[in-house]
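One structure is given here, and the rest of the page talks about it.
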Amino acid sequence: MQYNVLLVGVGGQGILTIAQAISRAALRRGYNVKQSEVHGMSQRGGAVQAHLRFSDQELHSDLIPLGRADLLLAVEPLEVARYVEYLGAHSVIVSNSVPVVNIPNYPPVEEVLAEVARLGDHILIDAQRLARSAGSARAENMVILGAASLFLDFGAKEFEELIAEAFARKGPRVVEVNHRAFRYGRHAASLYRDALRRGGTGQAVRRWVESVEPEELARLESPDPAAIGLAAASSELTSAEARAIGQILERVRDDGRTQLFEHEVYSIVELAGAITPPRHRFVEVGETLSRDDVAAFPGDRVVVKIVSPDIVHKTEAGGVSFVAKSADEVNREMKRLAARHGQDGKRIDGTLVVEFVEQAGRGTGDELFVGVRQTREFGPVIAAGLGGVATEFLSSKMLPGIGVAKAAALDTTPEEFFETFRSTAAYELLAGTVRGHDRVVGDGELIRCFRAFLAIARACCIADEEGLCLEELEVNPFAFRQKLMVPLDGRARLGQPITASAARPIEKTRRLLEPRSIAVLGVSTKRANFGRIILNNIKDCGFPTDRLCVIKSGEDTVDGVRCIGSLHDLAHPVDLLVAAIGAEHIPPLVDELLEWERAGRGRCASVILIPGGLGETSGTEGIQERIREAIAAHRRNGYGGPVFLGGNSMGVRSRPGSYDTFFIPADKLDPRRRVPPKRAALVSQSGAFIITRMSNLQYLDPTLAISIGNQVDLTVSDLLLAVAQRDDVDCIGVYIEGFNDLDGLAFIRAVQRATGSGKIVVFYKAGRTSAGRSAAKGHTASLAGDYDICQAAVAAARAIVTDTFKEFEQLMELGTDLHVKRIHGTRIGAVSNAGYESVGMADTVKGVRYQVDVPALSEEARKRLADALADHGLAALVNAANPLDLTPMADDDAYEACIKVMLEADELDALIVGCVPMTPQLLSTPSEIDRPDSIARRLPRLFAESQKPLIVVVDCAEPYDELARAIRSAGVPVFRSADQAVRSLGRYLCHRAPSNREPEHLSTKKKGDAVAEVPEQETLPALK
Amino acid sequence: MIELLMGDEAVALGAIHAGIGGAFSYPGTPSTEIFEYIQAHARNAGTPVARWSANEKVAYEEALGMSFTGRRALVSMKHVGLNVAADPFMSSALTGANGGLVVAVADDPGMHSSQNEQDSRFYAPFAQIPLFEPCNQQEAYDMTREAFDLSERFGIPVLIRLVTRLAHSRANVTVREACVPPTRPRATDWREWTLLPVNARRRFGRVLDLQQSFRDHAGESRFNRLTLSGPKGIITTGLAYNYFREAAGADSSYSVLKLGVYPVPAALVRELTGHCEELLVIEEGYPFVERQLVGLLGVPGKAIHGKLDGALPPQGELTTDLVRKALGKTPINGRAPATLPPARPPQLCSGCPHCDSYRAVVEAAGETRKPYFFSDIGCYTLAALPPYNAIDTCVDMGASIGMAMGAAKAGAHPVVATIGDSTFIHSGLSALIVAAAEDLNMTVVILDNALVAMTGGQEVLVTGEDLIRVIRGLGVRDEHLIRLRPQPGAHERNVALIEKEIQHPGLSVIVACRPCIHAKRRATASAEAAAAT
C-alpha cells in the first residue's frame, strides 16, 4: 500500500502543520513516511506545496511522481490547477472553496471552483466559514485536514490526539478551536461526498453544504459513511436543506411568480435528496449553448422545453421539442420556441435543455407520479400513483387506494407510505408482478423518493418565517433507468400559508360533559322556546335543581328552577353555561365572558352556544369570524377558558352528566332516559344527524351525544379526544362535514388515541365533491383531494370509514353490541332458512375494504351438525355444511340446535343467522315472539352464551319489525338484509381481527405502541 | 527509536548524539532548521548552544575554535554561506580538526530560495577533505555521527552536503543511543594551527598524504554500494538514488553504484564501468561525479550519459519523472492541465514595515531622477516586484553598500542602498566604515525589523538603539544618522526626511525601525502564553 498526498496552498495557510499531522498519524500506524516541504522565501503569499507519501514498503523519492497523487489537498482552490499533472485516474481532490486573491489576475472564483469540480472526485468546502465558526479564521487548514481525513486511513480520534499534541503549548482554547475546525471539515466533507454520491451536481452540493450550520455539522457525531446514510435517511430536511429550498422559493416569489419552473422543481427534489434529475440546463432568452455545453449531454438527442410562468402544461402548449444533440440545432430550437411562444404576449424566461432519458419500460404503469400538496385540513399530504398523462383518468376508474396512495405527510413515515403504495396498481406494475411487465424500480429507491417528498412536504408545505409555502409540488412522470427514478417533468406552486388556531384548554371539556353546575341563558317564561325546552330536558334528566339555575332578571323561578339576575350575580362560577339566546347576543356574551376571565373572575368553565346564524348562513360569516378571533386572541395571550361548544349546536346529551340540551321534546324522540346507556358516543357536526341516527337506532342510547356545530372554539378533534379518554365508551361514531384549519391532522391523532385504547371509531365524512381541476393546478389536487385525503388518513388511523349513512349505523351497532365479543378471525358461519340468503352470504365474502371466509366445516362439526339435523328430522333435506341452508322446514328448536353447533365450531369466528319469518315453522309473529321458545327469545340467549359474534338478519317488512325489534332490544345486532350483514360484519371483523388486518388499501398502518405516547394534553404539533 | 525527522533535523540530532560541544550557524534556507533543532533540543542533551552568529565566517571560526579546545563542533550554513566562510574553511583543512569538526551545507538545486544553485560538493576536493552526501534522512543522521568520528580519526574537517529536498523533507529515522566522545586535550602544538607559511606547507603536505586514506575510506564505506546486474550501469549520488529507485521500480536489470561518501571511490567506479557498456550518471546539482568520470575524454568504449550530454537537465532539481525519461522508460502522465493558473509569486505580507519603507524611499528618490537602488538579501528583496520596483540589484549578503559605494564613486546620483538589519550585521559593517570614512554621496537605508524574517524569524544580534550605537561607532556622523518609523501615518514626514538626506551630498544612514509583524505577533503570543501559565 502506498498513498500519496499533495498538499498545496498559499504560504501562511498552515499547510505544513496539516502535512505534519498526517505524517505523524501515518507514522503512528507504522507506515514509512516521506514528507517534503518548501520553506523560506515562499513562506508568505506565494504558492507552496508539500509532498507527503506513506507506504508499508520502502519509500524512495521524497517527491510524488506525476500522475501518482492519490489525494490533492488544497487550502486554496486556484492552486489545484497548478498541480493537475500529479492527478491520476482515481485521485481525489479536497479543496477549500475560498480563494486567496492576492494576485491581480485571479480568475473568476466560480470558474476556478467549476474547474476543480470538473477534475472529478472532489470535495469543496468553505473552510473560511467553518474555521471562523470554530473560533479562528486561521484554522482553515484544520477544516481542510478534517475534510481530507475522510480519505485517509486513520481515525478521527487519532487526528484529534495529534492536533492536541501539536497545539498543546498554545493552550486548551487553541486546541479546542482546532478540534472543532477539524470536525466541521470532516463532517462537511461527509455530507458533500454523500450528496455527490446521491447524484447532486457539484455546484448544488457545494451550495447546500455551505449552508449547513456548523452546529449542525458538529451534531453529526459519527461521520462514517454508513452513519451519514442514516442521517440522510431522516424524513426531515436539515435546516440547511430547508434553507436552500427556501432560497429557491424566495427567488420565485421575488421574481413575481407563483409557479416554479421545471428546473427549480428539480433543484428542490435534488436538494431533498435521493432523486437525480436528468442532466439539464436552463438557458436564458438570448443565451446560446456552446458546442461543449451541448456535447456534455449524454445520448444523441436532447429535449428542449419552453420556460415560462404562463405555460404550465408545456406539452399541450407545444412547448417541448426533441432535437438532435448538436449545438446548432439546439440553439435554433431554443430560439424558435422562445419566439413562437413570445408572440402570444407570454412572458418567456428562457428554455430548458434536458437530457433525453431512455426509459426502462414504455407502457401503462411504467411511469410514476409523486406529489405533495398543502391541504387546509390535514396540512401537507403526499400522493403517489400511476404517472403520465392518463393519471387522473386511471385513478378515477379505480377503487379508492388502488389508483393513488395518499397520506397526511405529518402522520406517516416513508416506510408506512411505501406500504400504502404497495397496495396500488402502480406498484404492481412497477414491481413487475403483472404479466408483461418487468420490475423497473427498486423498493429502496421508492422509499428514498417518498422520504424526499415527505421531507419537502413537511418543510415546505407549511409556511416558514418568511410566510413562504409550497402549495403543491409534483413530479409527473418519473421514468426509470437502471431501476433508479428519473423525473421527466415537475411543477410546483407557491401558496398561502395555513396556520392552526391556538390550542384549546381541552381539560375543561370534562366540565362540559359532566358539569357539576349549569346555568341556562335565554329561557322564556312565556313560551316553550329552545331555552325552556332545554331547561326542562335538563331537569328531566335528573340534574339536581339546586345546582341548576336560569340567568334571568325579574323572575324568582322558572319551572321550579331558581333564577339569577345576571352572570355577575352567580355566587360561584358554573361548570357549564348554556347560551340559548339569539345570535346577535352571542358576540357580546363571548366578549364579556372573556373579559371576566382576564379579570380573574371567570364565570364558567364551558359554554354551549346554541344559536345558528353564526356563519353557516350567508351574511353571517362576519359574526362567526369575530367570535373566533376574539377567542383566539384571548388564547394567544395565554388565557385559558372557557371552552365554547357551537355555535349552531344542539349541545350535548350526556348520560353521566345527567343533562341534555337537545331541544327535542320527548314526544318527538323518545329519550329512553330510564334505560341504561350503551357504551357508545356520537360526535357530530350536525345535530340532526345525531337525532336521526338515534331515531333509527332506537336502542343505541349513547352515553354521550355531542353536536359540535360550527366549531368556533372546540373542534371535532378536541371532542373526539375528550371522548376517547373516557372509559365508559367503546364505540364512537363521528360525522363531520369540514375541519377547522389543520384540525384534520389533530383529528387523526385523536382517532389514533381512541383506536389505540381499543375503541371503535366509525367515521362518516360528508362533502365529497372532487376538487375542481383548474388549469393552474397540477395533478395532486385532483388525485388527492381533501375528501380522499380525509378518507385515507382517517382510515390509516384505524377508524372504520363508512361510505353511507346505513353503513355508519350498522357499524355503530356492531361496534357497540359486539365490543365484548372475542374476535379471532374473519371466518364466518352462515345459517338461514332461505336458500337465496345462504348463497347471497357466500357471494359477498369479498367487497370494498373487507374480505371474509365462509369456510367448510371440519369433519367433527359436520358430524355434530348432521346429528342435530337428524334429531330434527331434517337429515334428508339439509346438507350439513356452511353456509347452512336450513330450509323452511326448520323450526325454532332446529335453529337453536344448529346455531349452537356452528357457534361451537372452532373453524368459525362469527355467525350470521338469517331467518325468513314467514315460514309456519317459526314463532315469529308479534303475538308469538314473547313465547320463551320463540326464535326471538332463543337468539339473545345464544348471543349471550357465546363469546363469538352473532348477528341476525330479518329480511322482511313491517309485520316482522316487532321480531327485529325484540331481538335488537336484547342487544343482538339485527340487519334487514343478508348482504348488508355480511358486508358490515366483514368490515367489522377485518377491523378487529388480530392477524387479519383490513385488506382495504387505505388502512395499513400499525400505530400500536406509538399511540400510548400521545400526551394527555393533546395539542397540535408545533408547525413551522 | 523511530522519529519523524527532516533531513536538517536528522543532521542536528546526529550531531547531538555525536556529543557535540556546540553548534554554530547563520540562518539560511534550506539549512536553518539544523541550528534551530539544536537550539530547541540540545539543552536537554547538555550541549551549550550559542546564539546565531554574525555570519557564516564567524560561525565557522567559532566552530574551529571549539574544535581547537578538543570539543566536537557542528557548523551549518546554506551553500552561498560557505562562500562567506570559505576563507576559514579552506585553511581549516590545513589546521585540521582536533575535536570533530563537521560542516553541514545545504544546497538549493532549483533555487527555491537562493540566488544561485552552486554545488557545494566542489568545495570538498577544493579543500581536499572528505565529503558525505546522504540520500535520505536516515543517512543524514548516520552520516553525521560517522562524520564526527571520521573528522577525529583523520584530524580533518568533514563536509556534509544536503539539498533542499532532503533538508526539508521528513521521514522516519531510526535513532541510536547518544555517544559520549572520548575527551580530547586542547591542540598543543602551535605549529599545527598557526598557518605561517613554514607550518602551512607542512600541513598542506599532510592533507595531501591523507588523500589515499580518504579514498580508501570511501571505497570501504557502507554508504557506497555497488550492485552488479545487467549491462546498463547507473551511478547515483545522494538524493538522486531515490529518484532512480522510484523510476526503476521493480526493474532490477541495472547495475548500480550508489555513492554517498567522497572522494569518488575510483575502484568501485572502475568495477562498474568494466561491467557495463553504457552508463547514466544521476546526481542532484552539478555534474560533479560525471565530470570526474569523463574528464576531458570520457571512458574509452563506454557511452556515458548524464547532465553533460543532456540526458538529464543541467539545471534545476531532479524528479522521478526526469529520471524515468533518462532511463528510457515511458513517462507516467498525470492529467493534462487545461491552462496553468496565473503564477503566484511570494510577496511582502500586508502590514509589513518594508512596504512603508520602500514606498517612502521610492517617492523620496524621485522617479524622474532615475535613482540607483542597490539592495540586499532578505524579505525586502521582494520590493523588486511591482508595485514597488524599488530594487535594481541583489547579489550577495552586504553587497548593497559596497555596490552603492562603487556607484557613488562613479558619480551616480541619487544612490540608495537598502539593507536589512541582520544582513547589515552579517556583511555590511566593513563597507559602511569605508563609506563613512570617505563620506561618499550615498544614502544607506537600514531596514531594522528586529528579526531575521525571511528564514523564518530568527533573532538578530543587534537592533534598535544598539544598532544605532553600532552605526555611530562605524563613523557615521550624527546629523546624517536618521531614525524613522516606517508606517503609513508617517509617510509624508518620512519621504521628506529621506529626500533631504538624499539631497545631502555625502553619506546619510537612515534606520527605518519597526518590528516585523510576525515578530510582534510572536511576542504577543508568547506574552499571552506566559500570562496564561
Side-chain angles (χ1 to χ4, degrees), chain A residues 10-12 19-20 23-24 26-27 31-48 51-52 58-69 76 78-89 91 100 102-107 112 115 118-120 169-171, chain B residues 2-4 6 29-30 32-33 108 112-114 136-137 164-172 239 241-247 317 319-321 323-324 331-350 352 379 381-382 454-456 518 525 528-529 532-533:
Chain A
V10 174
Q20 280 193 33
S23 293
R24 290 189 190 284
L27 193 68
Y31 288 113
N32 291 310
V33 179
K34 288 265 189 183
Q35 180 207 323
S36 178
E37 308 164 358
V38 173
H39 293 204
M41 274 283 273
S42 312
Q43 266 192 324
R44 300 278 160 191
V48 295
H51 293 237
L52 195 161
E58 190 187 355
L59 277 167
H60 301 293
S61 169
D62 299 84
L63 295 175
I64 300 166
L66 297 182
R68 289 282 169 84
E76 207 285 341
L78 180 63
E79 293 305 308
V80 170
R82 221 181 286 287
Y83 304 93
V84 171
E85 284 182 290
Y86 286 93
L87 297 174
S91 307
V100 174
N102 62 353
I103 47 174
N105 48 348
Y106 199 101
V112 172
E115 172 68 14
R118 190 189 64 79
L119 289 169
R169 67 190 168 85
K170 296 196 174 172
Chain B
I2 293 178
E3 290 199 37
L4 188 67
M6 280 198 286
T29 311
T32 314
E33 291 81 1
D108 191 16
H112 294 284
S113 47
S114 305
N136 59 27
Q137 294 77 357
T164 306
R165 202 51 74 182
L166 174 60
H168 285 168
S169 174
R170 290 168 208 276
N172 5 3
L239 197 68
Y241 174 70
N242 301 335
Y243 298 130
F244 164 69
R245 286 287 304 273
E246 187 89 25
E317 272 187 296
T319 63
T320 301
D321 306 290
V323 173
R324 266 191 85 81
I332 302 165
N333 287 324
R335 310 268 188 86
T339 43
L340 267 182
R344 198 194 303 258
Q347 41 199 279
L348 288 171
C349 306
S350 80
C352 173
C379 288
T381 316
L382 296 171
M454 185 176 64
T455 48
H518 300 294
E528 276 172 4
T533 49

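In what follows, chains carry the letters A, B, and so on, assigned in the order in which the sequence lines appear, proteins first and then strands, with residues in each chain numbered from 1.
Both the backbone and the side chain of A/Leu119 come within contact range of chain B, with heavy atoms under 4.5 Å apart. With a threshold of 4.5 angstrom between heavy atoms, B/Ser169 approaches chain A through its backbone and through its side chain. For chain A, no part of B/Leu166 is nearby; none of its heavy atoms comes within less than 4.5 Å. A/Arg24 touches chain B through backbone and side chain together, each having a heavy atom under 4.5 Å away. The contact between B/Asp321 and chain A is made entirely by side chain atoms (from C-beta outward), counting heavy-atom distances below 4.5 Å. For chain B, the nearby part of A/Ala89 is the backbone; its heavy atoms alone come within less than 4.5 Å. Of the atoms belonging to A/Val80, not a single heavy atom falls under 4.5 Å from chain B. For A/Tyr31, the part lying near chain B is the backbone, with the side chain staying farther off; criterion is any non-hydrogen pair under 4.5 Å. For A/Leu87, the parts sitting under 4.5 Å from any heavy atom of chain B are the backbone and the side chain alike.
Listed options A/Ser91, A/Ala69, A/Ala81, A/Pro104 were ranked by heavy-atom pairs under 4.5 angstrom with chain B; first place goes to A/Ala81. Contact count against chain B (heavy-atom pairs under 4.5 Å) is highest for A/Ser36 among A/Pro107, A/Ser36, A/Gly67. For chain A, the option among B/Leu239, B/Asn172, B/Thr320 with the highest count of heavy-atom pairs below 4.5 Å is B/Asn172. Contact count versus chain A (heavy atoms, under 4.5 Å) is highest, among B/Ala343, B/Ala167, B/Pro341, B/Ala247, for B/Pro341. Considering only heavy-atom pairs separated by less than 4.5 Å from chain B, the leading option among A/Val112, A/Leu59, A/Leu66, A/Leu78 is A/Leu66.
Residues satisfying the side-chain contact (heavy atoms from CB on, under 4.5 Å) test with B/Thr164, not counting sequence neighbours, are B/Pro30, B/Asp108, B/Pro109, B/His112, B/His168. In this structure, the side chain to side chain donor-acceptor pair (under 3.5 Å) partners of B/Tyr241, at least two apart in sequence or on a different chain, are B/Arg245.
A salt bridge between A/Glu37 and B/Arg170 is present, with a side-chain N of the basic residue lying under 4.0 Å from a carboxylate O of the acidic one.
Contact annotation: the side chain of B/Pro345 approaches that of A/Ile103 to within less than 4.5 Å [non-hydrogen atoms, C-beta and beyond]. A 4.5 Å side-chain heavy-atom check between B/Arg324 and B/Pro331 finds every atom pair outside the cut-off. Considering only heavy atoms from C-beta on, A/Lys34 comes within 4.5 Å of B/Asn136 through its side chain.
Enclosure of atom CZ in A/Arg82 by more than 12 non-hydrogen atoms of other residues, nucleotides or ligands within 6.0 angstrom is indicated.
B/Leu4 CG to A/Gln20 CD: the interatomic distance, rounded to the nearest 0.5 Å, is 7.0 Å. Taken from OG1 in B/Thr381 to CG in B/Leu348, the straight-line distance is 9.0 Å, to the nearest 0.5 Å.
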